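The structure displayed is predicted, hence computed values, not measured ones. Each residue takes its place number in the sequence, starting with 1.
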Amino acid sequence: MRAPMHLTLDIARKMIDAMIRYAQDNRVMPGSFAVVDEGGHVIAAERRDDGLPATFDIAIDKAWTAATMKTSARVLEVITRGQGWRLNVKYNGRLTIIPGSVPVVSGNRVIGGIGHSGGSAEEDEAIAQAGLSAFYREDHIDFTGEDMLRSLRKVADAVINHVTGNKLRPVAITIVDEWGWPVLIYRMDGAPYGYIEVSRDKAWTAAAFKIPTDSVADKVGVNYGVGWNERLVTTAGGIPFNLRGSIFAIGIAGNSPQEDKEIAISALKSIGAEPMV
C-alpha cells in the first residue's frame, strides 16, 4: 500500500478510531484525540465519554506541535534539552514537549500531526503511535462502547450527508457539551481552516445561552456588545440541542449563516435529536 500524500477527514477519523481502540484495549483513562494538517489546523478532534474537558485543546496543541515542528514531542524534548518551555512562551503556550504527539510523514514530507492527551506521558505517546500506524494500514480498526461519542458522530455524519446531498460548500462542524467544552470537531475536505474557529464560536455561544446564536442579540441585549467575550457570535449557525437527555450545542460554518443554521437543524432532526429553537 502506498501511503496517501495528504490527510482527509476519512483518514483522520480512521486514525482516531485506532487510537481509541488502543486506549480501550490498554485501559487508558478517557482522553482526547486530534489530527491536524501540515499547517497545524484541525481536521478531526474528539473527546471520549468522561474525558476531561481540558484534554481536548491539549491534544490539539500536541498535534499542532508535531506538524509545525515536524517532529515528535519526545524528540523535541531531547533536542531542546528540556528547555522547550522557552519556545512554549514564544508560541503563546501552544508548543509543548509533553510526549503524546507524532508527525505524519508521507513521501519524506510531513503532512500533518497527531496528538493525544489524557493518560501518562508514555500512554499518550503509545496512543499517538497507534494512530500513526493506522495511517499506513488499509484496514479500519473500529472501537466499541463510547455511546455518547458515537451518537454525536451520527450528528456530524448527518451534517456531512446533508451538505453533500444538497451540494453545499464543505463545512466545519463543532459539537460542545452544555458547558461549552468541545467534544468533536470535524472539517470536511475542502473547507477553509478559518471556519474551524467560527464553528467553535457558534457552538460555544449556543451552549452558553441555550438559544440559537442568531437569537442572542435579541434575548441578551445588544448593549452588552460582542466584544466582551472572544467567543460570542450573533450570526446564525449555532444551535443547542437535547440528545438522550443531555444538552449539547452544534456550530456549523462554511455557507451563509442561514444555510448553516438550516444544515444544523435538518441534521439534528434526521437523527432524532431535539433542536432547542
Legend entry - Check: Lys62 side chain, Ser117 main-chain N or O, donor-acceptor pair, under 3.5 Å: no

Inset, instruction - Identify whether Ile239 and Val176 are in the same connected component of the hydrophobic contact network (ILVMFWY, side-chain heavy atoms under 4.5 Å). - result: no

Inset, instruction - Mind running side-chain hydrogen bond (donor to acceptor under 3.5 Å, both in side chains) on Thr174 and Ser199 for me, showing each step along the way? - result: CA-CA 6 Å; Thr174 298; Ser199 71; 2.8 Å; yes

Inset, instruction - State, yes or no, whether a side-chain contact exists between Thr164 and Met188 at a heavy-atom distance under 4.5 Å. - result: yes

Inset, instruction - For residues Pro240 and Phe209, determine if any side-chain heavy atom of one lies less than 4.5 Å from a side-chain heavy atom of the other. - result: no

Inset, instruction - Find out whether Asn166 and Glu259 are in side-chain contact, i.e. whether some heavy atom of one side chain is under 4.5 Å from a heavy atom of the other. - result: no

Legend entry - Any donor-acceptor N/O pair, Thr205 side chain to Arg231 backbone, under 3.5 Å: yes

Inset, instruction - To the nearest 0.5 angstrom, please state how far the OG atom of Ser32 sits from the CD1 atom of Ile60. - result: 8.0 Å

Inset, instruction - Spell out, as yes or no, whether a donor-acceptor pair under 3.5 Å connects the side chain of Asp260 to the backbone of Asn255. - result: yes

Legend entry - Rounded distance (nearest 0.5 Å) linking atom CD1 of Ile160 with atom CG of Asp189: 9.0 Å

Legend entry - Least distance between heavy atoms, Phe135 atom then Pro4 atom: CZ-O, 3.5 Å

Legend entry - Verdict with supporting geometry, Ser133 and Tyr22, side chain to side chain contact (heavy atoms under 4.5 Å, CB included): CA-CA 11 Å; Ser133 296; Tyr22 181 94; over 6 Å; no

Legend entry - Heavy-atom closest pair, residues Met19 and Ala130: CG-C, 4.4 Å

Inset, instruction - State the CD1-CG distance between Ile263 and Asn161, to the nearest 0.5 angstrom. - result: 12.0 Å

Legend entry - Short side-chain to backbone donor-acceptor contact, Thr65 and Thr96, under 3.5 Å: yes

Inset, instruction - Examine distances only and state if a side-chain atom of Ser101 and a backbone atom of Ala63 form a donor-acceptor pair shorter than 3.5 Å. - result: no

Legend entry - Side-chain heavy-atom pair Val42, Arg187 within 4.5 angstrom cut-off: no

Legend entry - ILVMFWY clustering at 4.5 Å (side-chain atoms), partners of Ile247: Met276

Legend entry - Name of the residue among Ile185, Leu152, Asp177, Ile175 meeting side-chain contact (heavy atoms from CB on, under 4.5 Å) with Arg47: Asp177

Legend entry - For Glu125, salt bridge (charged side-chain N to carboxylate O under 4.0 Å, His left out) partners two or more places apart: Arg74

Inset, instruction - Working to the nearest 0.5 Å, report the span between OH of Tyr136 and CE of Met15. - result: 9.5 Å

Inset, instruction - Would you check, one step at a time, whether the test side chain to side chain contact (heavy atoms under 4.5 Å, CB included) holds for Asp157 with Arg13? - result: CA-CA 12 Å; Asp157 286 337; Arg13 292 180 67 175; 2.7 Å; yes

Inset, instruction - Can you measure from CG (Leu268) to CG (Leu243) and round to the nearest 0.5 angstrom? - result: 8.5 Å

Inset, instruction - Using the rule that two of Ile, Leu, Val, Met, Phe, Trp, Tyr join whenever any of their side-chain heavy atoms come within less than 4.5 Å, decide whether Leu184 and Val171 are in one cluster. - result: yes

Inset, instruction - Compare every heavy atom of Ile250 with every heavy atom of Ala264, then report the nearest pair and how far apart it is. - result: CB-CG2, 4.0 Å

Legend entry - Val159 reachable from Phe241 in the ILVMFWY side-chain graph, under 4.5 Å edges: yes

Inset, instruction - Spell out, as yes or no, whether a donor-acceptor pair under 3.5 Å connects the side chain of Thr234 to the backbone of Val216. - result: no

Legend entry - Atom CG of Asp50: over 12 foreign heavy atoms under 6.0 Å: no

Legend entry - Pro103 versus Leu132, closest heavy-atom pair with distance: O-CD1, 3.7 Å

Inset, instruction - Step through the shown structure and confirm whether more than 12 heavy atoms of other residues, nucleotides or ligands are within 6.0 Å of NZ on Lys154. - result: no

Inset, instruction - Taking atom NZ of Lys210 as the centre, report whether more than 12 heavy atoms of other residues, nucleotides or ligands fall under 6.0 Å from it. - result: yes

Inset, instruction - Using a 4.5 Å cut-off on heavy atoms from C-beta on, say whether the side chain of Glu122 contacts that of Pro99. - result: no

Legend entry - Between OH on residue Tyr186 and CD1 on residue Ile43, distance to nearest 0.5 Å: 12.5 Å

Legend entry - Ile173 with Tyr195, same ILVMFWY side-chain cluster at under 4.5 Å: no

Inset, instruction - Answer yes if Leu149 and Leu9 sit in the same cluster of Ile, Leu, Val, Met, Phe, Trp and Tyr residues linked by side chain heavy atoms under 4.5 Å apart, and no otherwise. - result: yes

Inset, instruction - State, to 0.1 Å, how close Gly251 and Ala203 come at their nearest heavy-atom pair, and which atoms those are. - result: N-CB, 3.5 Å

Inset, instruction - For the pair His41 and Tyr193, name the ring-plane relationship: parallel under 30°, tilted 30 to 60°, perpendicular over 60°. - result: parallel

Legend entry - Polar side-chain atom of Lys202 near backbone of Lys261 as donor-acceptor pair, under 3.5 Å: no

Inset, instruction - Apply the test side chain to side chain contact (heavy atoms under 4.5 Å, CB included) to residues His162 and Glu262: give CA-CA distance (whole Å), side-chain angles for both, the deciding distance (0.1 Å), then the verdict. - result: CA-CA 10 Å; His162 182 95; Glu262 292 171 357; 5.6 Å; no

Inset, instruction - For the residue pair Asp214 and Pro257, establish whether any side-chain heavy-atom pair is separated by less than 4.5 Å. - result: no

Inset, instruction - Say whether, by atom type as modelled, one donor and one acceptor occur between the side chain of Arg109 and the main chain of Met5 under 3.5 angstrom. - result: yes

Legend entry - Contact check, side chains of Asn26 and Glu123, non-hydrogen atoms, under 4.5 Å: no

Legend entry - Side-chain (Asp17) to main-chain (Asp142) donor-acceptor, under 3.5 angstrom: no

Legend entry - Side-chain (Glu146) to main-chain (Asp49) donor-acceptor, under 3.5 angstrom: yes

Legend entry - Residue pair Met148 / Ser246, side-chain heavy-atom distance below 4.5 Å: yes

Inset, instruction - Measure across Ala207 and Ala249 and return the closest heavy-atom pair with its distance rounded to 0.1 Å. - result: N-CB, 3.6 Å

